[in-house]
2 protein chains.
Amino acid sequence: MAAVDLIVRNIGQLVTLEGPSGPRAGPAQKELAIVRRGAVAAVDGRIVAVGTEGEVTEAIESTPDTLVLDAGGAVVTPGFVDPHTHAVFARTREDEFAMRVEGKSYEEIAEAGGGIRSSVRSLRAASADDLLTRGRATLDRMLTHGTTTAEVKSGYGLSLEAELKTLRVIDTLARTHDVDVVPTFLGAHEFPDEWRDDRDGYVVHVADEMIPAVAGEGLAKFCDVFCEEGVFTFEQSRRILLAGVDAGLAPKIHADELHASGGAELAAMVGAVSADHLVCVSDDGIVKLAEAGVVAVLLPGTTLSLGKTEFARARAMIEAGVPVALATDCNPGSSMTESMQIIVSLASMMLRMTPAEAITAATVNAAAAVGLDGEIGTLAPGKLCDLVIWEVDDHRAIPYHYGVNLATSVVKRGRVVRGHPDGRKTPGPAPAH
Amino acid sequence: MAAVDLIVRNIGQLVTLEGPSGPRAGPAQKELAIVRRGAVAAVDGRIVAVGTEGEVTEAIESTPDTLVLDAGGAVVTPGFVDPHTHAVFARTREDEFAMRVEGKSYEEIAEAGGGIRSSVRSLRAASADDLLTRGRATLDRMLTHGTTTAEVKSGYGLSLEAELKTLRVIDTLARTHDVDVVPTFLGAHEFPDEWRDDRDGYVVHVADEMIPAVAGEGLAKFCDVFCEEGVFTFEQSRRILLAGVDAGLAPKIHADELHASGGAELAAMVGAVSADHLVCVSDDGIVKLAEAGVVAVLLPGTTLSLGKTEFARARAMIEAGVPVALATDCNPGSSMTESMQIIVSLASMMLRMTPAEAITAATVNAAAAVGLDGEIGTLAPGKLCDLVIWEVDDHRAIPYHYGVNLATSVVKRGRVVRGHPDGRKTPGPAPAH
């Protein structure tokens, strides 16, 4: 019997996602391993017991210092993991959003000074303090909506100095914010103006100068590249990802977003942890992802925000055995949201992922997409005690009830960081459910 | 100089929507009449001054009792009006949502006991107190998201007794909740089981018994009907709407949602205040709506929730001169949301309505769709002081920044009902903007 710091009890549906380690593919993607009338107990930020109330009560010892959270019969899931964001930026771009709605093309917007290069200009001009303040507000909102871990990419700097500035801000956020932050280097997000006439030169610069500098400072876990027509070619992308691997940065890739550019195939070839976007992935690309065990990170909020109705073929991927994860793509150009909840809703509505598949995609598979499925993404003894109490009594209501925040309490590393920190109030389901 | 109860000052963009009375059509739908560095003042719940800070300060007199709200440079708009909801129901239907995602057809779900008739069974079995508690929670969430007036329909009763029970609950909500509630009788929402073999008999029952009873108790302002293949025919719908007109209930209509059923034409013929859904409206139907000045209420959240990608042709309607409004369709079967914000986002993303058009559609045109454009929907002297302070400094960010709640303070009839009631805190834009 261990004396515990926290017990969450009276859980109507405890979505543990217990199962074999690693990402879940095929039929396993809908196995939530739900415990009825469940409880979770934690010591020092880690889970020590999960199960029915009876099982947990028997396994642990509570003291007067133990915080007891009564979930009031509500649903509890692991904290959501957002495995693809560009959450550090200097300026929102609602002006471009409005231009796009009025039918302006990407090229016209770029000519008017917009696009990623607009974010590059503003980020280069911004102070680290300003980026930190904005980044903190973005992470605050993620946490409020139930995200306890988020990947954050650089890629609005595109010079050694500005990329390092961004990654140091991300590092400060990682060390100081309640949300756990996973840093990714994305120097190959676009070609900066000063290199547009020497694209191969920029690729060499990224591979031979930026990556060693970033890895030398220990500022990134992953190296990502935007492999796309008009941006980085298959060959340029491969070169950069392999340079990352040499420096100890695991590969991730923006693949097949606007055209079938061989991104999925490249992901499989270099052993990428994830291939992201995949709206235009080929059938062969899907097979390659499945064979290589690459996690597909789908971003339906981006498709929606861009006003498109052709979404990524999640069903084909799931049927082929690709583990599918979801992310917000939180960024000022094509998906301005911090909420994984609306993404989970879009996954069920537009990608035809069942509520169970979508929840797996936002938890254990998203954790695998950032290489953290050993630490987070399921509720099992030994894992971090990251969980959300939802204002619903059926997990299917999480995608169903859309456009509002259903997270009533958020627990990160065993601490109540949103909701009712005294554990006295009962945050259970609203009367509407 | 009048002594005022409330001043909202330091407004970066004060979206007044000042202009000619009535709904806004064509190019006028994007005229927001924005005042920079604006202020609003109210006495007894009504606006007495609107304009620049200088103009307002000159026109009014503040006393020590005046509540001064500092908007911190943020955007202020009229409170959102939600002109189409089924917000009083007994049970959510996430089970059917999951079945639909898995590819079950409407018919299969109905056979399994689902659909509107499932809501009818649960509403008939529910107590008025239970309906009231759930309805209050739904309105609470609407208010939190910036909706200050909502239409609410009956239509899950489908018997005289159960329809009256619903409308009395709606009446209690209207008298007791901060959200102003506009009641609509929708006895012709579906055919109840006991009348399925005598559909014309049910139409007579609605027209000759229900409508007089509802009107006699003063329980509805509008009479609505679901005119659709397999539900109420054109002729049945006409009969019911005209019976409503005879009893003093203005007509509204669920028109052309799944098929072009002549609903728009019928709306024009009977002088309906609004025609709603219109996903399948014909070109001729659009012309008829424009000629008759019927407000088109579009419900993109319903299309999304049903997993469809064919949205209502908002651009064709706006170009034809139809005033377009937006609504949540808040209901447990096909659109479980209380947030007009996600609807405004979907309108820009999927209906290609500019941010300005979408905001007009959620305010003055939505007010017109419930016959209240003389009272609400714009910020002008004499109107109710219903307004929202948004956590953005540019109105275009309201549709752009999606899936989260950007309303920081909500003022209803001159009272701060959400946000910072003491007027000391500054709810201005988040650092992320």
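Chain identifiers are assigned alphabetically (A, B, ...) following the order of the sequence lines, protein sequences preceding nucleic acid strands; residue numbering begins at 1 within each chain.
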**OP:** Under 4.5 Å heavy-atom distance to chain B, tell me which part of A:Met353 shows up: side chain, backbone, both or neither.
**Re:**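 When you check distances to chain B, only backbone atoms of A:Met353 fall under 4.5 Å.
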Subject >> A:Arg136, part contacting chain B, at a heavy-atom distance under 4.5 Å >> reply: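 Contact with chain B: none, neither part.
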N/O donor-acceptor pairs under 3.5 Å from side chains in residues 305-318 of chain A, not counting sequence neighbours:
from: A:Ser305; atom 1: OG; to: A:Gly301; atom 2: O; distance (Å): 3.0
from: A:Arg313; atom 1: NH1; to: A:Asp283; atom 2: OD1; distance (Å): 2.9
from: A:Arg313; atom 1: NH2; to: A:Val281; atom 2: O; distance (Å): 2.8
from: A:Arg313; atom 1: NH2; to: A:Asp283; atom 2: OD1; distance (Å): 3.2
from: A:Arg315; atom 1: NH1; to: A:Arg352; atom 2: O; distance (Å): 2.6
from: A:Arg315; atom 1: NH1; to: A:Glu357; atom 2: OE1; distance (Å): 2.9
from: A:Arg315; atom 1: NH2; to: A:Glu357; atom 2: OE1; distance (Å): 3.4
from: A:Arg315; atom 1: NH2; to: A:Glu357; atom 2: OE2; distance (Å): 3.0

**OP:** Decide whether A:Glu338 and B:His401 meet the rule of one side-chain donor and one side-chain acceptor closer than 3.5 Å.
**Re:**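 Yes.
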Subject >> A:Ser339 and B:Tyr402 side chains, donor-acceptor separation under 3.5 Å >> reply: no
Original post:
Between B:Leu406 and A:Arg141, what is the shortest heavy-atom contact and its length?
Top reply: CD2-NH1, 4.0 Å
Original post:
Taking every heavy-atom pair that is under 4.5 Å apart, which of B:Asp140, B:Leu304, B:Leu346 has the most such pairs with chain A?
Top reply: B:Leu304
Subject >> When B:Thr354, B:Asp95, B:Val404, B:Ile342 are compared by non-hydrogen pairs under 4.5 Å with chain A, the top option >> reply: B:Val404
**OP:** Measure the spacing between CG of A:Asp393 and CD of B:Glu94 and express it to the nearest 0.5 Å.
**Re:**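 Going from CG on A:Asp393 over to CD on B:Glu94, the span is 6.5 Å.
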Original post:
Under the 3.5 angstrom rule, does the side chain of A:Tyr400 hit a backbone N or O of B:Ser335 as a donor-acceptor pair?
Top reply: no
**OP:** Could you tell me which residues satisfy side-chain hydrogen bond (donor to acceptor under 3.5 Å, both in side chains) with B:Thr77, sequence neighbours excluded, listed by chain and number?
**Re:** B:Trp390
**OP:** Against chain B, work out which of A:Pro332, A:Ala356, A:Ser345 has the most heavy-atom pairs shorter than 4.5 Å and name it.
**Re:** A:Pro332
Original post:
Of the listed residues (A:Ala98, A:Gly103, A:Gly135), which shares the most heavy-atom pairs with chain B below a 4.5 Å separation?
Top reply: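 Looking at each of A:Ala98, A:Gly103, A:Gly135 in turn, A:Ala98 comes out on top.
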**OP:** Select one option (side chain, backbone, both, neither) describing which atoms of B:Ile343 are under 4.5 Å from chain A's heavy atoms.
**Re:**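 Contact with chain A: side chain only.
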Subject >> Short N-O contact, A:Arg396 and B:Glu96, less than 4.0 angstrom >> reply: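 Salt bridge: no.
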